[in-house]
Trainee: 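Below is one structure. I have some questions about it.
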Amino acid sequence: MRINCLSCGHKFDLGDAYDDFEGPVKCLCGAMLEIRTEDGRLKAIRLMENISRRPSRGRELGEAAA
Ligand SMILES: [Zn+2]
């Protein structure tokens with residue numbers, strides 16, 4: 001099971017364990033890819049947002065209910 005990173009284009013081999021898999025995998029470049037495979041074939045691939053970089057909200061104009 002080999003996939004192409006959508007972020008850097010690197011090809012990497014996930015091995016047989018991922019022939020039937022749905023979930024996130026991480027590339028060498030640090031990008032998180034969400035994939036879905038079935039019978040050794042790639043059904044869907046999507047680049048995930050970096051979850052460690054969440055925008056901090058909470059101080060927006062007009063939202064202070066004090
Ligand atoms: Zn990559």
Side-chain angles (χ1 to χ4, degrees):
M1 182 78 248
R2 222 176 275 173
I3 67 167
N4 252 38
C5 176
L6 295 180
S7 182
C8 69
H10 181 71
K11 283 195 189 95
F12 55 105
D13 197 351
L14 294 171
D16 294 343
Y18 288 86
D19 279 359
D20 234 311
F21 176 81
E22 181 171 4
V25 294
K26 194 175 186 184
C27 176
L28 296 171
C29 73
M32 291 295 290
L33 301 165
E34 191 177 28
I35 63 165
R36 188 158 59 88
T37 64
E38 218 177 276
D39 296 326
R41 269 184 246 188
L42 189 65
K43 294 294 218 179
I45 183 166
R46 192 167 70 91
L47 188 64
M48 294 174 79
E49 293 290 321
N50 193 346
I51 44 173
S52 66
R53 195 149 40 97
R54 247 192 304 192
S56 60
R57 308 184 69 175
R59 270 205 204 178
E60 292 184 12
L61 287 175
E63 284 215 36

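Just so you know, ligand 1 is whichever comes first in the structure, and atom 1 is the first atom listed for that ligand. What you see is a predicted model, and the numbers here were worked out from it, not measured in a lab.
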Trainee: Heavy atoms only: give me the nearest Gly15-Met1 pair and the separation to one decimal.
Mentor: O-CB, 3.5 Å
Trainee: What's the shortest heavy-atom distance between Phe12 and Leu33, and which atoms?
Mentor: CZ-CD1, 4.0 Å
Trainee: Any link between Leu6 and Met32 through a network of hydrophobic side chains (Ile, Leu, Val, Met, Phe, Trp, Tyr) touching at under 4.5 Å?
Mentor: no
Trainee: Is there a side-chain contact (heavy atoms from CB on, under 4.5 Å) between Ser7 and Cys27 once you walk through the steps?
Mentor: CA-CA 9 Å; Ser7 182; Cys27 176; over 6 Å; no
Trainee: Quick check: closest heavy atoms across Asp39 and Asp20, and the distance to 0.1 Å?
Mentor: N-OD2, 3.8 Å
Trainee: Measure across Ala31 and Leu47 and return the closest heavy-atom pair with its distance rounded to 0.1 Å.
Mentor: CB-CD1, 3.9 Å
Trainee: Run through the protein N/O/S atoms less than 2.8 Å from the Zn ion (ligand 1) and write them out by chain and number.
Mentor: Cys5 SG, Cys8 SG, Cys27 SG, Cys29 SG
